[in-house]
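For reference, positions follow the sequence shown, starting with 1. For ligands, and for the atoms within them, numbers begin at 1 and follow the listed sequence.
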Amino acid sequence: MKTVFITGGAGFIGSALIRLLIAESDWRIVNIDKLTYAGNLESLGAAGKDARHIFSQTDICDRAALDTLFAEYPPDGVIHLAAESHVDRSIHGPGDFIETNITGTYTLLEATRAYWSGMDEAGRAAFRFHHVSTDEVFGSLGTTGMFTEETAYDPRSPYSSSKAASDHLVRAWQHTYGLPTLITNCSNNYGPCQFPEKLIPLMILNALAGKPLPIYGKGDNVRDWLHVDDHARALRLVFERGATGATYCIGGHNEKTNLEVVDTLCALLDKLSPRADGQAYAALKTYVADRPGHDKRYAIDASKIARELGWQPQETFESGIEKTVAWYLDNPEWIAHVQSGEYRHWVEKNYGARS
Ligand code: NAD
Ligand code: DAU
């Protein structure tokens with residue numbers, strides 16, 4: 001049985017990855033998460049209570065706490081997802097992004113290097129440090145072209161710059177110290193348990209509450225959407241079979257304008273949960289001031305991971321988005337706990353001394 005550290009395991013993608021790994025592997029997972037506003041252990045469902053899931057409420061900037069975890073649960077690898085992840089927040093207050101995404105990644109790399117240096121030769125050779133990153137490090141595309149593993153870095157928001165810095169640190173630790181690292185750069189994720197400040201859950205919850213659906217600018221910015229479970233499957237594959245030192249781009253081949261996404265959500269809600277007053281949800285669409293420095297278009301060429309590791313997304317946007325809307329309709333308790341702030345007390349109620 002492997003022991004794997006997963007940072008950010010109470011977040012949107014980390015919780016999906018842990019649900020997958022607890023269901024489909026025999027690995028022991030040490031979930032290292034500070035539980036910021038974005039951390040929600042309720043998202044882990046049954047996996048959160050599995051004996052192979054160990055939760056530690058730890059800040060990745062806390063070197064001493066990380067050293068203790070490495071000593072207590074010697075891991076075979078680390079999958080690093082913990083980050084400040086919301087572009088709008090990074091524009092309003094970049095400090096936490098610099099701290100967690102850059103200093104936190106540095107601290108985790110150093111704690112990992114100290115542990116890895118003390119392993120025997122076979123352990124060192126088999127060890128993996130997998131850094132989970134974003135396509136936003138590549139900047140913004142015009143109407144044509146796609147990001148590949150060879151695309152030059154050109155980050156343009158405080159969030160994407162901090163993620164780019166963390167990517168560079170990870171590569172430097174590989175190049176300088178020989179730490180076996182992997183990096184994945186993924187496009188926009190959607191699916192269950194996403195914190196409702198990102199486009200898709202925000203639109204679903206606002207629509208259900210009869211609130212305006214705020215569309216930045218003209219709604220013509222393009223994102224390449226991937227279901228979070230497809231991302232989780234890709235992360236497992238890269239962690240297990242990716243070549244050390246390599247980078248893999250992950251994307252869903254689902255380019256949509258924001259307006260297309262909002263219209264799709266409105267049409268699905270009209271079908272699955274019609275408004276009591278008989279009006280269409282699309283009547284709630286509201287154009288608001290654009291995001292400062294708003295990247296125009298992202299699109300991923302995912303042919304390397306397809307060719308080398310055989311990964312393909314299982315969900316199309318049409319199948320995945322309908323399941324996602326249905327999930328939010330079927331999980332009013334998760335939503336109520338997020339909206340009331342109740343989810344922040346979940347750790348004390350359910351984990352007590354384990355945290
Ligand atoms: P999220 O904001 O939902 O979750 C982040 C998690 O990290 C939270 O549980 C939070 O509590 C934890 N965290 C934050 N600061 C921490 C710290 N200092 N120490 C320990 N834990 C801390 O983010 P997400 O959408 O799940 O993204 C996960 C990772 O994937 C991030 O690194 C992000 O950059 C990357 N990514 C996200 C997307 C996307 O569309 N959401 C796409 C590509 C890459
Ligand atoms: O591309 C990967 C990135 O995708 C990840 O690295 C980030 O962690 C993740 O948050 C996401 O970043 P975006 O900025 O693309 O996601 P967001 O959901 O914030 O916005 C998606 C698009 O929708 C973007 O063009 C801005 C627009 N938008 C967003 C919100 C919240 C609106 O028009 N209205 C809104 O209210």
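- The ring-ring contact (aromatic ring centres under 6.0 Å, His included) contacts involving residues 234-278 comprise Trp27-Phe239, where partners must be two or more places apart or lie in separate chains.
- Numbered from 1 in the order shown, with element, the atoms of ligand 2 that lie under 4.0 Å from a heavy atom of Thr134 read 1 (O), 2 (C), 3 (C), 5 (C), 6 (O).
- Atoms of ligand 2 lying under 4.0 Å from at least one heavy atom of Asp135, given by number and element, are 1 (O), 2 (C).
- For His80, no heavy-atom contact with ligand 1 is shorter than 4.0 Å.
- When each of Val132, Ile6, Ile60 is paired with His80, the side chain to side chain contact (heavy atoms under 4.5 Å, CB included) condition holds for Ile60 and for no other.
- At a heavy-atom cutoff of 4.0 Å, ligand 2 is contacted by both the backbone and the side chain of Leu199.
- Ligand 1 places these atoms under 4.0 Å from at least one heavy atom of Leu35: 11 (O).
- Nearest to atom 31 (C) of ligand 1 among the protein's heavy atoms is Leu81 O, 3.2 Å.
- Interface of Tyr159 with ligand 2, defined as ligand atoms under 4.0 Å from a residue heavy atom, comprises 5 (C), 6 (O), 7 (C), 8 (O).
- Listed by atom number, the atoms of ligand 2 under 4.0 Å from Glu197 heavy atoms are 31 (C).
- Atoms of ligand 1 found under 4.0 Å from any heavy atom of Cys186, numbered from 1 in the order shown, are 42 (C), 43 (C).
- Under a 4.0 Å N-O distance rule, the pair Arg307/Glu149 does not qualify as a salt bridge.
- When hydrogens are left out, the protein atom nearest atom 15 (N) of ligand 1 is Thr100 CG2, 3.5 Å; that is the closest non-hydrogen contact.
- Paired with Leu213 under the rule side chain to side chain contact (heavy atoms under 4.5 Å, CB included), one option of Asn206, Leu265, Leu202, Thr286 passes, and it is Asn206.
- Residue contacts with ligand 2: Lys163 is excluded, as none of its non-hydrogen atoms falls under 4.0 Å.
- Ranking protein heavy atoms by distance to atom 16 (O) of ligand 2, first place goes to Asn188 ND2, 3.5 Å.
- Here the shortest heavy-atom distance to atom 10 (C) of ligand 1, taken over Thr105, Thr36, Asn40, belongs to Thr36.
- Closest to atom 23 (O) of ligand 2 among all protein heavy atoms lies Asn258 ND2, 3.4 Å.
- By the neighbour-count criterion of 12 heavy atoms within 6.0 Å, atom NE2 of His175 is sparsely surrounded, having that number or fewer from other residues, nucleotides or ligands.
- Heavy atoms of other residues, nucleotides or ligands lying less than 6.0 angstrom from CZ of Phe195 number more than 12.
- The N/O atoms of Ser85, backbone and side chain alike, include one that comes under 3.5 Å of an N/O atom in ligand 2.
- Neither the backbone nor the side chain of Ile200 comes within 4.0 Å of ligand 2, counting heavy atoms alone.
- A donor and an acceptor atom, one from each side chain of Asp167 and Ser133, are located under 3.5 Å apart.
- Listed by number with element, the atoms of ligand 2 under 4.0 Å from a non-hydrogen atom of His294 are 24 (C), 25 (O), 26 (C).
- Short contacts between ligand 1 and Asp59, defined as distances under 4.0 Å to a heavy atom of the residue, involve ligand atoms 17 (C), 18 (N), 19 (N).
- Of all non-hydrogen atoms in Val87 and Ser90, the two that sit nearest each other are O-OG, 2.8 Å.
- Nearest protein heavy-atom contact of atom 38 (C) of ligand 1 is Ile13 CD1, 3.5 Å.
- The distance from ligand 1 to the heavy atoms of Val132 drops below 4.0 Å at these ligand atoms: 30 (O), 32 (O).
- If you number the atoms of ligand 2 from 1 as listed, the ones under 4.0 Å from a heavy atom of Tyr298 come out as 1 (O).
- The protein heavy atom nearest to atom 40 (O) of ligand 1 is Asn189 N, 2.9 Å.
- Within the listing of ligand 1, atoms 40 (O) sit less than 4.0 angstrom from a heavy atom of Asn188.
- The heavy-atom pair separating Ser15 from Gly11 by the smallest distance is OG-O, 2.6 Å.
- Closest approach of Trp311 and Ala234 over heavy atoms only: NE1-CB, 3.4 Å.
- The atoms of ligand 2 that sit less than 4.0 Å from any heavy atom of Leu202 are 36 (O).
- Between Phe5 and the choices Tyr73, Phe129, Phe70, the ring pair (Phe, Tyr, Trp, His ring centres under 6.0 Å) rule is met once, by Phe70.
- Note on Arg124 versus Glu121: no salt bridge recorded, every NZ/NE/NH1/NH2 to OD/OE distance being 4.0 Å or above.
- For the pair Met203 and Pro214, the minimum side-chain heavy-atom distance is below 4.5 Å.
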I'd like to know whether Tyr216 forms a side chain to side chain contact (heavy atoms under 4.5 Å, CB included) with Asn258, so could you lay out the CA-CA distance, the side-chain angles of the two residues, the decisive distance to 0.1 Å, and finally the verdict. CA-CA 9 Å; Tyr216 298 163; Asn258 294 334; 5.8 Å; no
Would you please test Arg291 and Asn221 for side chain to side chain contact (heavy atoms under 4.5 Å, CB included) and show each step? CA-CA 11 Å; Arg291 172 185 280 174; Asn221 298 66; over 6 Å; no
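- For the pair Arg89 and Tyr37, the cation-pi criterion (under 6.0 Å, within 45° of the ring axis) is fulfilled.
- For atom 14 (O) of ligand 2, the nearest non-hydrogen atom from the set His86, Lys198, Arg291, Lys296 belongs to Arg291.
- Every atom of ligand 1 with a heavy atom of Ser133 under 4.0 Å away is listed here by number and element: 43 (C), 44 (C).
- Within the listing of ligand 1, atoms 19 (N), 20 (C) sit less than 4.0 angstrom from a heavy atom of Thr58.
- Here salt bridge (charged side-chain N to carboxylate O under 4.0 Å, His left out) pairs that include residues 199-225, with residues two or more places apart or in two chains, are Asp220-Lys296.
- Looking only at protein heavy atoms, the nearest one to atom 35 (C) of ligand 2 is Tyr216 CZ, 3.4 Å.
- Close contacts between ligand 1 and Lys163 involve ligand atoms 31 (C), 32 (O), 33 (C), 34 (O) [criterion: under 4.0 Å to a heavy atom].
- When the heavy atoms of Ala83, Gly8, Ala38 are ranked by distance to atom 5 (C) of ligand 1, first place goes to Ala83.
- Of the listed options Ser43, Ser166, Ala65, Ser85, Ser85 places a heavy atom closest to atom 1 (P) of ligand 1.
- For the residues Gly251, Ala82, Gly11, the heavy atom positioned nearest atom 22 (C) of ligand 1 is part of Ala82.
- The residues Arg297 and Glu255 are annotated as salt-bridged, a charged nitrogen and a carboxylate oxygen being separated by less than 4.0 angstrom.
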Hey, mind stepping through His227 and Tyr190 against ring-ring contact (aromatic ring centres under 6.0 Å, His included) and telling me if it holds? CA-CA 5 Å; His227 193 279; Tyr190 68 96; 5.4 Å; yes
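- Ion pairing between Glu136 and Arg156 fails under the 4.0 Å rule for side-chain N and carboxylate O.
- By the criterion of a heavy-atom distance under 4.0 Å, the backbone of Ser187, and not its side chain, is placed next to ligand 1.
- When non-hydrogen atoms are compared, ligand 1 lies under 4.0 Å from the side chain of Tyr159 (C-beta onward) but not from its backbone.
- Interface atoms of ligand 2 facing Pro214, defined by a heavy-atom separation under 4.0 Å, are 32 (C), 33 (O), 34 (N), 35 (C), 36 (O).
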